[in-house]
Amino acid sequence: MISVAIIGTGNLGFHLYNAFSKVKSNLTVTQYNSRDLKDLSETDVTIIAVSDDAIPEVSSKIQNSFVVHTSGNTEMNQLKNSTRKGVFYPPQSFTKEKQIDFSQVPFCLETENEEDYQLLCHLANMLGSQFYKIDSQQRKYIHIAAVFANNFTNHLFQIAKDICDTQQIPFHILYPIIEETSKKIKSMDPKNAQTGPAIRNDQKTIKNHLNLLNSSQKDIYQKLTNSIQEHGKKL
């Protein structure tokens, strides 16, 4: 039986608690709370799911034998517990309102020794997740890539919705093209999936688009167009 404590009740902590609670055998969640560590009992794994800036302070107050954080951008040595350390990082976007299928969520694992690594592998397996041995430096680059692929892309979705809203156009008209792009990059390199006026160097269309945008949108459009074209020259 593996015992787990989860420190942090934000989006990720919430989903980890729900997922581990559904594991029917060989795992028990002994604690799930915010940062109240007064009654923290010993567990096989203590998972810290708090903001990056809070990891050193929270971990410094934990005496449990094996403590891991869940951050993509924080080195393992930022854990300030005096015991064994590790990382259990899922590169995924979490919100409490949206259920997560952890069989579709990979985990990036890092530990100080092989025995602890195998323990985290076992935890990931219990969730049906794939897992990868990733060190702190590699994980930072995964996190940056995820910001481009997820956070920045979602912001562009918001801009697209703003444009639709100003013209009383239903945003769901764009769902099929969004879904097609997501499907396409699973079977081909994104550089080969790139379409549109920038990669075609369609200057007339680009100029027309710029004339329709406000100053903020225009700046983003021009920078992205330039980036697409510069990248295209390297291909």
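Residue indices begin at 1 and follow the sequence shown.
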### Message
Determine whether Tyr89 and Ile142 satisfy the following criterion, side chain to side chain contact (heavy atoms under 4.5 Å, CB included), listing intermediate values before the conclusion.
### Response
CA-CA 10 Å; Tyr89 164 59; Ile142 291 173; 4.2 Å; yes

### Message
Determine whether Lys184 and Glu179 satisfy the following criterion, salt bridge (charged side-chain N to carboxylate O under 4.0 Å, His left out), listing intermediate values before the conclusion.
### Response
CA-CA 9 Å; Lys184 197 181 295 184; Glu179 292 172 3; over 6 Å; no

### Task
Before giving the answer on side chain to side chain contact (heavy atoms under 4.5 Å, CB included), spell out for Gln63 and Asn81 the whole-Å C-alpha distance, their side-chain angles and the decisive distance to 0.1 Å.
CA-CA 7 Å; Gln63 302 301 316; Asn81 55 300; over 6 Å; no

### Message
Using the rule given for side chain to side chain contact (heavy atoms under 4.5 Å, CB included), can you reason through Lys61 versus Lys80, listing the C-alpha separation, both sets of side-chain angles and the distance that settles it, and then say yes or no?
### Response
CA-CA 8 Å; Lys61 300 175 182 178; Lys80 299 305 179 183; over 6 Å; no

### Message
Test side-chain hydrogen bond (donor to acceptor under 3.5 Å, both in side chains) on Gln222 and Asn226; report intermediate values, then the result.
### Response
CA-CA 6 Å; Gln222 190 65 70; Asn226 292 344; 3.1 Å; yes

### Query
Passes side chain to side chain contact (heavy atoms under 4.5 Å, CB included), Lys85 versus Val67? Steps please.
CA-CA 5 Å; Lys85 301 173 175 64; Val67 180; 6.0 Å; no

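Heavy-atom neighbours of Ile220 CD1 from other residues, nucleotides or ligands within 6.0 Å: above the threshold of 12. Counting non-hydrogen atoms of neighbouring residues, nucleotides and ligands closer than 6.0 angstrom, the NZ atom of Lys161 reaches no more than 12 such neighbours. Environment of CG in Asp53: sparse, with no more than 12 heavy atoms of neighbouring residues, nucleotides or ligands closer than 6.0 Å.
When side chains are defined from C-beta on, Ser103 does not count as touching Ser129, because their heavy atoms never get closer than 4.5 Å. Looking at heavy atoms from C-beta onward, Leu210 lies out of side-chain contact with Lys207 at the 4.5 angstrom threshold. Inter-residue side-chain proximity for Pro91 and Cys108 is flagged as met; some heavy-atom pair is nearer than 4.5 Å. Looking at Thr225 and Ile228, their side chains never come closer than 4.5 Å, going by heavy atoms from C-beta outward. Within the 4.5 Å cutoff, the side chain of Ile7 has heavy atoms near those of the Thr46 side chain. In this structure, Asn125 and Phe131 have side chains that are in contact, with non-hydrogen atoms separated by less than 4.5 Å. Within the 4.5 Å cutoff, the side chain of Thr95 has heavy atoms near those of the Lys98 side chain.
Under a 3.5 Å cut-off, the side chain of Asn201 and the backbone N or O of Pro197 do not form any donor-acceptor pair. No donor-acceptor distance shorter than 3.5 angstrom exists from the side chain of Glu230 to the backbone of Ser227, with no hydrogens or angles considered. With Ser65 contributing its side chain and Glu42 its backbone, the two residues share no donor-acceptor pair below 3.5 Å.
In this structure, CD1 in Ile6 is found 6.0 Å from CZ in Phe20, a value given to the nearest 0.5 Å. Atom CD1 of Ile173 is separated from atom CD1 of Ile178 by 11.5 Å, given to the nearest 0.5 angstrom. Separation of atoms OG (Ser25) and CE (Met126) is listed at 6.5 Å; rounding is to 0.5 Å. Separation of atoms CG (Leu12) and OG (Ser51) is listed at 12.5 Å; rounding is to 0.5 Å. Taken to the nearest 0.5 Å, the CG atom of Leu212 stands 9.0 Å off from the NZ atom of Lys218. To the nearest 0.5 Å, atoms CG (Leu79) and CZ (Phe66) are separated by 9.5 Å.
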Extract all donor-acceptor atom pairs below 3.5 Å that involve side chains of residues 149-157 and protein atoms in other chains or at least two apart in sequence.
| from | atom 1 | to | atom 2 | distance (Å) |
| --- | --- | --- | --- | --- |
| Thr153 | OG1 | Phe148 | O | 3.1 |
| Thr153 | OG1 | Ala149 | O | 2.9 |

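Leu123 pairs with exactly one of Leu16, Val23, Leu27 by the side chain to side chain contact (heavy atoms under 4.5 Å, CB included) rule, that one being Leu27. Each of Val87, Leu120, Ile48 was compared with Val68 under the side chain to side chain contact (heavy atoms under 4.5 Å, CB included) criterion, and only Leu120 meets it.
Shortest non-hydrogen contact noted between Ala193 and Ile185 is CB-CG2, 4.5 Å. Looking at every heavy atom in both residues, Thr83 comes nearest to Asn64 through OG1-O, 2.6 Å. Contact between Gln99 and His15 at its shortest, heavy atoms only, is CA-CE1, 4.2 Å. Across all non-hydrogen atoms, the minimal contact from Met76 to Glu112 is CE-CG, 3.9 Å. Nearest heavy-atom pair, Gln78 versus Thr74, reported as atom, atom and distance to 0.1 Å: CB-CG2, 3.5 Å. The shortest non-hydrogen separation linking Ile206 to Ala198 is CD1-CA, 4.2 Å.
Linking Ile, Leu, Val, Met, Phe, Trp and Tyr whenever their side-chain heavy atoms come within less than 4.5 Å leaves Leu37 and Tyr17 in two separate clusters. When the side chains of ILVMFWY residues are joined at heavy-atom separations under 4.5 Å, either directly or via intervening members, Phe14 and Leu127 end up in a single hydrophobic cluster. Under a hydrophobic-cluster definition in which Ile, Leu, Val, Met, Phe, Trp and Tyr are linked whenever side-chain heavy atoms come within less than 4.5 Å, directly or via other members, Leu224 and Leu213 are assigned to the same cluster.
Between Phe107 and Phe102, the ring planes lie parallel to each other; the angle is under 30°, not in the 30° to 60° tilted range. Note: His209 and Tyr221 have perpendicular aromatic rings, judged against thresholds of 30 and 60 degrees for the angle between ring planes.
Ion pairing between Glu110 and Arg139 holds under the 4.0 Å rule for side-chain N and carboxylate O. One finds a salt bridge joining Lys133 and Glu114 here, because a Lys/Arg side-chain nitrogen approaches an Asp/Glu carboxylate oxygen to under 4.0 Å.
When only modelled atom types and interatomic distance are considered, Asp116 and Asn113 share a side-chain donor-acceptor pair under 3.5 Å. Residues Asp52 and Ser71 bring a donor and an acceptor atom of their side chains to less than 3.5 Å of each other. Gln130 and Tyr132 form a side-chain donor-acceptor contact under 3.5 Å, judged by distance and modelled atom types alone.
Residues satisfying the side chain to side chain contact (heavy atoms under 4.5 Å, CB included) test with Ser3, not counting sequence neighbours, are Thr28, Thr30, Thr43, Asp44. Looking at residues two or more places apart in sequence or on another chain, you find no salt bridge (charged side-chain N to carboxylate O under 4.0 Å, His left out) involving Lys183.
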